[in-house]
Trainee: 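My structure is below; once you've seen it, I'll send some questions.
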2 protein chains.
Amino acid sequence: MPDTARISRIRSGRRTDIRRENERLILDAAEKVFAEAGFGGATMQLIADMAGLPKANLHYYFPTKEALYRRVVQNIFEIWLDAAASFDGAAGPVEGIGAYVEAKMDISRRHPHGSKVWAAEVMHGAPVIQDYLETTLRAWTEGRMAVIQRWIDEGKMAPIDPRHLLYMLWATTQHYADFGHQIETLNAGQPLSDRQWREATESVKTIILRGIGAL
Amino acid sequence: MPDTARISRIRSGRRTDIRRENERLILDAAEKVFAEAGFGGATMQLIADMAGLPKANLHYYFPTKEALYRRVVQNIFEIWLDAAASFDGAAGPVEGIGAYVEAKMDISRRHPHGSKVWAAEVMHGAPVIQDYLETTLRAWTEGRMAVIQRWIDEGKMAPIDPRHLLYMLWATTQHYADFGHQIETLNAGQPLSDRQWREATESVKTIILRGIGAL
DNA sequence: TCGCATCCTGACCGTATGGTCAATACGAAG
DNA sequence: CTTCGTATTGACCATACGGTCAGGATGCGA
């Protein structure tokens with residue numbers, strides 16, 4: 001019986017284990033349901049069923065639907081920001097932007113639900129994460145724009161408006177998550193294979209890097 | 001249809017005017033509300049208020065919320081397909097893709113709500129327009145892929161996978177509608193000006209056309 | 001074993017929403 | 001004016017949903 005095994009293995013801190021594990025179950029289910037149905041279309045009952053818990057239990061860990069949604073969006077935002085690291089410490093656009101595209105394509109593949117929730121949140125006017133947009137995202141964006149501008153000044157790439165380059169990077173990479181269903185439909189109804197993901201990533205990288213005159 | 005009926009239908013233009021005008025009011029309001037709140041978050045009451053009509057009147061013209069939503073999505077899809085014309089009859093990628101980008105950027109600017117509704121529909125697995133994806137969109141896509149392949153064979157552009165080029169075109173252009181709120185936030189909270197829209201269009205065109213080796 | 005904090009959950013409640021309907025108003029044709 | 005199809009609308013209903021709560025179960029330290 002896995003339950004007792006886990007209990008006997010861990011002496012103390014089981015309480016926090018239970019909490020963490022259930023929060024994980026709920027957040028995973030919520031991410032999927034919010035992505036597939038939207039905030040308004042998602043129901044606590046459906047999330048509960050998908051998490052394998054009674055609905056009242058959700059309200060024990062997350063007081064309201066909004067609170068649960070907020071946590072889902074924040075989680076996504078953090079994952080999204082982590083891809084920033086790929087951008088840093090790069091000698092030039094080929095390494096920096098190349099690594100960034102790869103990181104973001106990887107996120108699109110591994111967290112398609114999260115990407116959709118994020119997209120829907122922004123499309124609806126960012127009612128929950130507007131402050132993040134105005135603080136963290138704005139700061140991040142300006143930092144990267146400065147890096148790109150430096151590369152331009154150093155003659156490592158063509159004089160492109162850094163802002164629109166960033167938008168293009170976000171748009172193209174997230175498209176593979178947000179519009180994954182459409183892509184799948186146009187791929188004979190099959191999800192992209194490992195090889196197709198690699199080809200997609202290479203296509204994006206190649207077109208953009210050549211497009212900014214970095215190749 | 002009997003002759004007398006057709007004549008009376010034609011002569012009594014006022015009736016069809018009322019119908020058409022109210023349907024227009026409702027569809028415009030619905031597009032906006034669906035875009036801002038999602039299908040699940042939208043309410044018939046809110047759409048009615050925004051259209052300046054009593055709620056029961058909506059159900060007179062559109063039997064159900066789903067029917068109304070379906071019409072909104074279909075309208076968007078048609079606008080979206082119309083941009084296809086820009087692609088046709090072009091001598092090469094510079095004219096064809098250039099015109100396509102301009103047409104799609106124009107749609108993003110003029111129909112931001114529609115673009116969002118479309119995006120949300122696809123993100124949720126295209127429950128309403130799956131058949132369109134499998135028929136019309138698939139046929140359209142294959143046709144343009146063939147055109148792009150011909151340009152490649154004629155040496156007018158680099159050998160890029162046409163599929164991923166199309167995805168990039170869709171992603172980049174629609175991003176300015178779907179993520180318009182984020183872009184506005186990063187633009188000091190101001191909507192893009194005429195000039196900024198022109199710059200955005202030029203950036204997208206330049207990067208992509210150079211990226212595919214057409215410049 | 002006991003006491004206490006944490007965790008669990010069935011049953012319940014108020015509200016909001018999509019949809020219905022019957023009564024009414026309107027306007028064109030005869 | 002009368003007739004008849006179209007358009008309008010307030011009132012109403014059944015349902016589904018988010019959220020509450022009381023009472024019980026569970027596990028841990030002492």
Trainee: If I take atom CG in residue L53(A) and atom P in nucleotide dG10(C), what distance separates them, rounded to the nearest angstrom?
Mentor: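 So the two atoms are 11 Å apart, to the nearest Å.
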Trainee: Under 4.0 Å between a side-chain N/O of Y60(B) and OP1 or OP2 of dA7(D), yes or no?
Mentor: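 For Y60(B), the contact criterion (side-chain N or O under 4.0 Å from OP1 or OP2 of dA7(D)) is met.
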Trainee: Hey, does F62(A) reach any base, or is it just sugar-phosphate, or nothing, if we go heavy atoms under 4.0 Å?
Mentor: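 It contacts nothing in the nucleic acid.
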Trainee: Where do R70(B) and E66(B) land on the salt bridge (charged side-chain N to carboxylate O under 4.0 Å, His left out) test, with the steps shown first?
Mentor: CA-CA 6 Å; R70(B) 188 182 293 266; E66(B) 278 84 2; over 6 Å; no
Trainee: Anything under 30° is parallel, anything over 60° is perpendicular, the rest tilted; go ahead and classify Y176(A) against W197(A).
Mentor: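 Rings of Y176(A) and W197(A): tilted, as their planes differ by 30° to 60°.
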Trainee: Write down the distance between CG (N57(B)) and P (dT6(D)), rounded to a whole number of angstrom.
Mentor: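 The distance from CG of N57(B) to P of dT6(D) comes to 15 Å, rounded to the nearest Å.
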Trainee: In whole Å, what is the span from the CD1 atom of I18(B) to the P atom of dA25(C)?
Mentor: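 Nearest whole value for this atom pair: 17 Å.
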Trainee: Please check the phosphate of dT8(D) (OP1 and OP2 only) for any side-chain N or O of N22(B) closer than 4.0 Å.
Mentor: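 N22(B) to dT8(D) OP1/OP2: side-chain N or O found under 4.0 Å.
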Trainee: In B/S/- notation, 5' to 3', how is nucleotides 16-21 of chain D contacted by protein heavy atoms closer than 4.0 Å?
Mentor: -SBBBB
Trainee: Does the side chain of R19(B) get closer than 4.0 angstrom to OP1 or OP2 of dT6(D) through an N or O atom?
Mentor: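 No.
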Trainee: For I47(B) and dG18(C), what is the distance between atoms CD1 and C1' respectively, to the nearest whole Å?
Mentor: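 To the nearest whole Å, that distance equals 11 Å.
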Trainee: For R110(B), which residues count as a salt bridge (charged side-chain N to carboxylate O under 4.0 Å, His left out) partner, sequence neighbours excluded?
Mentor: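 Checked R110(B) against salt bridge (charged side-chain N to carboxylate O under 4.0 Å, His left out); matches are D106(B).
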Trainee: Once you round it to whole Å, what is the distance between C1' of dC7(C) and CD1 of I26(A)?
Mentor: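 It works out to 12 Å between those atoms.
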Trainee: Within this structure, what is the CG-to-C1' distance between L46(B) and dT17(C), rounded to whole angstrom?
Mentor: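 One finds 12 Å between C1' of dT17(C) and CG of L46(B), rounded.
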Trainee: Using a 3.5 Å cut-off and no angle test, enumerate the donor-acceptor pairs between side-chain atoms of residues 117-134 of chain A and protein atoms at least two apart in sequence or in another chain.
Mentor:
residue : atom : partner : partner atom : Å
E121(A) : OE1  : Y69(A)  : OH           : 2.6
E121(A) : OE2  : V128(A) : N            : 2.7
E121(A) : OE2  : I129(A) : N            : 3.1
H124(A) : ND1  : A120(A) : O            : 3.4
Q130(A) : OE1  : H181(B) : NE2          : 2.5
Q130(A) : NE2  : E134(A) : OE2          : 2.7
Q130(A) : NE2  : T185(B) : OG1          : 3.4
Y132(A) : OH   : Q74(A)  : NE2          : 3.1

Trainee: Using whole Å, report how far CG of L58(B) lies from P of dG19(C).
Mentor: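 Rounded to whole Å, this separation is 11 Å.
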Trainee: When the ring planes of Y167(A) and H164(A) are compared, do they come out parallel, tilted or perpendicular, using 30° and 60° as the limits?
Mentor: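 Ring orientation, 0 to 90° scale: perpendicular.
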Trainee: Round to the nearest Å and state the distance from D17(B) atom CG to dT6(D) atom C1'.
Mentor: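 Interatomic distance, CG of D17(B) to C1' of dT6(D): 14 Å.
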Trainee: Compute whether any side-chain donor of one residue and acceptor of the other, for W80(B) and Q174(B), lie under 3.5 angstrom apart.
Mentor: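 A pair is found: one side chain offers a donor N or O, the other an acceptor, under 3.5 Å apart.
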Trainee: Answer with yes or no whether the side chains of D161(B) and S203(A) bring together a donor and an acceptor at under 3.5 Å.
Mentor: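 No, no side-chain donor-acceptor contact under 3.5 Å.
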